[in-house]
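Lettering of chains follows the sequences in order, A, B, ..., and the numbering in each one begins at 1.
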Amino acid sequence: MESNTKIGFSEAVCVLLIVVISHLILTVPKIILHNQGSSSALNIIYITLIALLITFILSLLYKKFKGKDILDLSGYLLGSKFQFLIGIMYIAFFLFTCSLLLRNTAENLKTMYFQSTPIPYILFFILLVVGFMNRYSLKSVIKCNLIVVPMVVLALLVLFILSFNSFTLERIFPILGYGSGNTFVNGIGNIFVFGNMVFLFFLMPILKDYYQFNKIAYTSVITSGIFVFLTIFALLLMFPLDISSNSNLPMYLQTRKITLGEFIQRVDAFFILIWIISLLSYLSIVMSFILSTFKKITNIQNKTFVSYSFVAILFGISLLYKNVIQIRQLDANLYKYISLFFTFGISFLILLLCNIKHKIREKKKI
Amino acid sequence: MKRTPRNLLIIIVVLSLLISLGNYVNSSKNLDDLAYVMAIAFDVGTSGKYKISLQLSTIESSASESMSSSSSSSGGSSGGGESSGGGGSSEQQTQQYVINTMDCETLDMAINIANAFTNKDISLSHCKILVISEKLAQQGVQEIVNSLINKVELRPDCNIIIAKTPSGEFTEDSEPKLEELISKYYDVASNNETGIGYTKGVKLSDFYSNMNDYFFEPYASLGTVSNPKKNTNNNKDDLSLNTQSKSFSSNTPEPAIESMGLAVFKRDKLVGTLTGIETMCHLLITNELKYCDFNIPSPINADRTIDLYISNLKNSKIDVKIINGSPFVSSKFDVSIKVLSLNDDTLTLTEDVLNKLEDATTIYLSEQIYNYYDKTAKELNSDISGIGRFAAKNFRTIDEWEKYNWAENYKNCTFKVDVKTNIKSGHLLTSE
């Protein structure tokens, strides 16, 4: 990571929050509601508790490796070649998730507002901003995000409060949804909504105070859990399951239902604007992490020139998807498991193995 | 200085892309390019699947109305009789709007044809009501509603009305007299449940939601248009206040929208209608009744009736238990009543008279609510008041709920109604 980049507590939490919120706006509610049915809210509380447990384990495992990111850890574990491999894998993962989110957003924007505009144009204008943002340092991007996140959070809260009138509380029944096994056993897989935790493995070197790591991790998991719960809960109570779990953009339907008296109607446009800004912020942040990772594994001096290449690659990958159906299938099936693999699989495995190696070395020293 | 040519190149590339984008983005339209639909009416088609009428507001009329509200609405410029054309009939009603009617397979096809008639882009963004004929509603409205809900520009809060008259006539005969703008006229006409309590404005989004819900069945407001000039309002199109008096019809000298009762659906098909009083019971059960006037036979003098004003005191309490496989629904109501009639019976409201009135009102309301439950459950088998949501707590999983098949079991419900009435005088000059 960039040596001069140091971020504080609120900046780090905002980075982790924007990742969750960006996915929450688009795909996460649909997947959860489809898999869990009326027990979605219960499942979110359950997986938030599990995420807190995982955070506790993470904080224990990270005790010996303050200031090290996942690349440093993989280098420590198996050398620079493994570090390079892991770096490339994470870059590919980030590019895949970004491209899915980007294309999904572009398709939704096309459906809602730009029916006759070709997808490449919509993608281009989004990526233009991302490319421009990445001319600046990671810190600048994170500072910008610090402005965006409160706006998005406020919009989500306002949306929740304004939806109160449309709630039918009895929609939480049947309480166990598709069964207790589905809610508490299969439902563990829904922990992918805390996919933002993967960035915890990249944040460590850029923290001003390494000892705030635990606080950042817990705060981000709790706040993410709250926002996911509020969003899913509102959608569950507002719409029949058939609508919320089959709609391409359930939160958009939620905004369309809101009116403030006879004077303020069609507030959906306002929320869409906020969501586009949040997407831009999310993409810029992830792109900055991609560039920093690339810089670290290749030792290039100036990442600015590479940034346009990565933006172009992202543009290309986003165009690879054939149609909306393919994107939504990938979102519902592949994204979930890839996210679980990188966030709770390989990252934890590397950290665990590093701890074992560290213990063996210490024993040898003794 | 070295970076100047590169920056210049970037600016040129971006500008050229922006300019070329102009070919694709068609959002830069002014009012002259658009024709705004105020109402869409659907009926069974003759040569096509549907007969669709689009009521288009004319810019000239809207402009003149908004600029000079004091001027007579009958005067002014002629209102865009440009909607002539083949493929369907069209006629100019007043200067306020034109109606394009065409037989076609889908709404999109109708919009395309209307585009050709008017040489303008049809915009649905100001559409206020959707009128569906009773005949078409009986055949099923799923295709229409799905098509409408997917139109981003159409507001999900526009109202659905099931028309007793052919839906085309409904839009043709809707002539606003008390409002300046036709859009406002539809707003008022389709949202008048707060004023009478005998009907309810149902939004497109709610109708669609109920159509896909396993707790609710859909319903829409029931309406007709009386046009004394055409003598269209014959008895078969009449709306009814209650089952005893079937001939509710206004006797206005001008055409007017009449809205009374609800159209009850089972999934997407119309299965029956509710009278005004039954609708009041529906609103009472769903806690949507704000106030309503009704009359009961006088408990003091059998020849007279007493006018009462009802408003909800507390939310109704509904509980559902499954006993031996059949649902047992107990519902409690706590309502506040004011006496409006000023006759010999009620001029002096003594304790005894009040008690008699309370008892009579309780019996009357209980009877009406029982009738409502009986009609929706046994006759129509359509749970429009969402009793199913109170039954869901008896099931642990969705599989159990789906196996039970509430939609079909609703007809097996046993109902218990408990009404508590609190009567007060509504008079200014008499004591309670």
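Counting heavy-atom pairs closer than 4.5 Å to chain B, the top-ranked of the candidates A:Gly177, A:Ser166, A:Gly37 is A:Gly177. Interface check for chain B: of the options A:Asn182, A:Ile175, A:Leu253, the most heavy-atom pairs under 4.5 Å are formed by A:Ile175. Comparing B:Ser125, B:Gly386, B:Ser205, B:Gly388 by how many heavy-atom pairs each has under 4.5 Å with chain A, the most go to B:Ser125.
By the neighbour-count criterion of 12 heavy atoms within 6.0 Å, atom NZ of B:Lys332 is sparsely surrounded, having that number or fewer from other residues, nucleotides or ligands. Around the CZ atom of A:Phe132, the shell of radius 6.0 Å holds no more than 12 heavy atoms that belong to other residues, nucleotides or ligands. When the shell of 6.0 Å around CD1 of A:Ile325 is examined, it contains 12 or fewer heavy atoms from other residues, nucleotides or ligands. More than 12 heavy atoms of other residues, nucleotides or ligands shown are found within 6.0 angstrom of CZ on B:Arg267.
With rounding to the nearest 0.5 Å, the separation of CD in B:Glu153 from CE in A:Met112 is 14.5 Å. Within the model, atoms CD1 of A:Ile172 and CZ of B:Arg389 stand 13.5 Å from one another, a figure rounded to the nearest 0.5 Å.
Proximity to chain A involves both the backbone and the side chain of B:Asn212, based on heavy atoms less than 4.5 angstrom apart. At a 4.5 Å heavy-atom cutoff, A:Leu169 makes no contact with chain B through either its backbone or its side chain. Looking at A:Leu241, only its side chain comes within 4.5 Å of chain B, counting heavy atoms on both sides. Heavy atoms of A:Thr168 lying under 4.5 Å from chain B belong exclusively to its side chain.
A search for ring pair (Phe, Tyr, Trp, His ring centres under 6.0 Å) contacts involving A:Phe233 returns A:Phe229, not counting sequence neighbours.
With hydrogens and angles ignored, the 3.5 Å screen pairs a side-chain donor or acceptor of A:Arg256 with a backbone N or O of B:Val152.
The two residues B:Phe395 and A:Pro174 have their closest heavy-atom pair at O-CB, 3.3 Å.
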Give the intermediate values and the outcome of salt bridge (Lys or Arg N to Asp or Glu O under 4.0 Å) for residues A:Lys257 and B:Asp206.
CA-CA 9 Å; A:Lys257 259 205 154 182; B:Asp206 292 333; 3.6 Å; yes
For A:Ile243 and B:Tyr208, what are the C-alpha separation, side-chain angles and deciding distance, and is it a side-chain contact (heavy atoms from CB on, under 4.5 Å)?
CA-CA 9 Å; A:Ile243 295 178; B:Tyr208 176 73; 3.5 Å; yes
Given side-chain contact (heavy atoms from CB on, under 4.5 Å), test A:Arg171 with B:Phe215 step by step and report yes or no.
CA-CA 8 Å; A:Arg171 285 195 202 282; B:Phe215 290 154; 4.0 Å; yes
